[in-house]
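The structure appears below as structure tokens.
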Amino acid sequence: MLKELLRSLKASMGIYEAREGAVYGLLAEFSDPAALLHAARQVRKAGYRHFDAHSPFPIHGMDEAMGLGNSKVGVITFFTGTIAGFALGWWMQWWMGAVDYPLNISGKPFFALPPSVPIIFELTILFSALAGVAAMLALNGLPRPYNPLFYSKNFARVTDDGFFLFIAASDPKFDQEATRRLLEQLGGYNIEVIEDRGEEERVPAPVPAGEAAVPTS
Amino acid sequence: MAAVKKSTFPGWLLDPLQPTRAQAEPRYRLPEDVRIWAVPLALGVGLLIVSIVGWIIDAPQFYFSYLVGWTFCLSLALGALFFVMIQHLTRAQWVVAVRRLPEALLWTFPVLIVLFIPILFGLHDLYHWTHPEVYDPASPEYDPILAGKRAYLNVPFFLVRVGFYFFIWTLLAYKLYTLSVRQDVDPDPSIPAQQRKVSAWGMPLYGVTVAFASYDFLMSLDPHWYSTIFGVYFFAGAFFVALGFITACYVMLVRRGPLAGVVRPPHFQDLGKLMFGFTAFWAYIAFSQYMLIWYGNIPEETLWYRHRLEHGWEGISQLLIWGHFVLPFLILLPWAAKRMPLLVGIMGIWFAIIHWIDLFWIAMPVLHKELTFHWLDITCWLGLLGVVVGLLFYRLSRHSLVPQNDPYLARSLALH
């Protein structure tokens with residue numbers, strides 16, 4: 001149960017588990033952003049959930065086509081960083097000024113709200129920003145130095161002129177033949193099976209003829 | 001293309017241009033129903049007539065209540081002026097579908113000049129610095145501080161300044177309003193550049209005139225007190241209330257039928273973002289003013305706040321913190337809240353109420369030591385607002401509800 005929860009959480013970050021036989025998923029290339037957008041929408045419609053689109057630049061409308069919904073960064077930021085920074089700033093001002101080291105400065109109260117507001121505000125902003133960046137990284141599954149997609153030579157073009165759609169083998173609907181047909185129907189080409197060979201001790205599964213992943217040097 | 005005809009004098013005060021309704025696309029027309037503008041106008045005039053009774057009973061109370069209501073309407077028009085100019089200067093595209101109502105609101109300035117006349121009769125009751133005895137060294141009322149400020153605070157110069165402010169504001173309003181309405185019938189491609197040009201030289205003049213107007217109309221009610229940030233404070237409130245009012249009007253228009261499908265949740269989300277932002281901006285300015293005076297702790301500055309932190313006024317001060325900042329900030333913070341036109345519209349109405357309370361809190365402690373509400377506060381405020389809203393919808397009923405030939409209109413309509 002917990003394992004299943006963890007798996008779907010990781011999948012939402014774009015970290016998928018390989019199937020038996022190290023099959024990680026199918027990668028297809030598309031000719032242009034519009035084709036990729038169309039493919040993402042159709043793949044979503046076909047019931048796939050574990051898939052990701054890769055492009056050299058953000059494509060307007062892709063989040064909607066992939067059915068990603070609203071970003072959760074704002075909510076996480078508010079309920080962690082914002083409230084924590086606010087409370088900590090208030091507490092710190094009171095504890096330092098009135099408890100730990102009270103100093104009489106021109107007869108002002110040891111703790112008063114007006115001069116504390118800027119500090120509370122700054123700490124709120126600081127903690128919100130840090131929590132926001134941390135939440136963004138976590139939700140994206142970053143930093144991620146290793147990704148099985150890097151085994152594909154063709155995929156290197158994603159930073160230049162390549163538009164790719166990847167369907168993970170961990171998706172319950174994934175079927176190597178049917179998924180490949182779907183990608184072909186949608187206009188995908190250079191379709192290749194990606195294998196997760198990240199762990200050295202794992203023995204590579206026999207690869208079906210004609211679908212050999214590009215070997216690493 | 002046929003040029004838009006100009007109105008002649010008395011009508012010019014209400015709308016400087018002849019109707020262009022016939023040339024507007026049918027879906028951009030307000031329904032042909034006189035009640036839309038006649039009802040608020042009649043209510044407003046009625047309430048102002050009732051207020052005259054109050055003037056007979058208690059003239060100083062009438063003048064203060066009237067000044068609060070009048071500055072409320074002034075801040076609506078000034079906020080709308082900033083709204084229109086900043087959108088032209090930034091070449092904002094999203095805003096085109098919701099720009100006509102603020103443009104029509106601009107032409108409130110000529111009416112405000114007429115409505116300023118009662119205040120002229122109340123200068124003695126409103127402004128302590130108009131009393132000649134405070135400048136007479138032989139008089140027991142002699143006030144050396146005010147005597148030192150006499151070069152600025154005297155009635156002739158005050159009137160010259162007010163005249164100058166309204167000249168500038170009316171000129172800007174005339175240019176921006178008529179250019180936009182002319183564009184409805186004459187898609188002259190040079191109009192957007194002209195609108196930008198007017199906004200460019202208008203913006204610095206706007207900043208100076210708004211700041212000094214706030215000193216003259218509100219800050220000089222307590223002529224010993226001064227705060228250099230007061231102009232920004234007034235501007236923050238003005239833009240805040242204008243955003244709320246514009247949004248609330250559009251929510252009502254969309255819910256009643258006209259503009260349904262034209263102004264959509266994405267527009268309300270963007271208006272909501274501005275409302276949210278200027279809630280925080282107002283709080284930032286209000287707090288900056290308060291904190292510096294608190295820290296400096298100089299009697300001539302702190303006295304103003306002292307009046308507002310006792311005798312019941314402290315309740316209003318608390319209300320401003322919560323109602324003008326904390327609650328609107330938290331309510332408008334989530335993405336989903338700004339996508340709900342009804343919620344954003346209700347917040348817009350709340351913005352109008354809380355901004356009136358803000359002005360009430362600035363002006364009324366000068367008259368009453370104890371927190372006092374008077375029925376004149378409400379009749380003067382709603383009476384003036386009724387006149388302004390009635391005339392606003394009168395202008396809107398004569399022209400298209402959308403700048404229909406603006407080059408960015410299609411993009412604004414496709415906003416998502």
Under 6.0 Å from the [atom1] atom of [X], do we count more than 12 heavy atoms belonging to anything else shown?
X	atom1	answer
A:Arg144	CZ	yes
A:His60	NE2	no
B:Arg196	CZ	yes
B:Trp322	CH2	no
A:Tyr101	OH	no

To the nearest 0.5 Å, tell me how far [X] [atom1] sits from [Y] [atom2].
X	Y	atom1	atom2	value
B:Phe287	A:Leu113	CZ	CG	7.0 Å
B:Arg339	A:Asn70	CZ	CG	8.0 Å
A:Ile105	B:Tyr295	CD1	OH	6.0 Å

Exercise. Which bit of B:Trp294 is near chain A, if near means a heavy-atom gap under 4.5 Å: side chain, backbone, both or neither?
Worked result: both
Problem set entry | Side chain / backbone / both / neither for B:Ile293 at chain A, heavy atoms under 4.5 Å | neither
Problem set entry | Most chain B-contacting option - heavy-atom pairs closer than 4.5 Å, from A:Gly74, A:Ser106, A:Pro114, A:Gly107 | A:Pro114
Problem set entry | Heavy-atom proximity to chain B below 4.5 Å, by part of A:Phe78 | side chain
For this session: Compare every heavy atom of A:Pro115 with every heavy atom of B:Met291, then report the nearest pair and how far apart it is.
Result: SD-CA, 4.2 Å
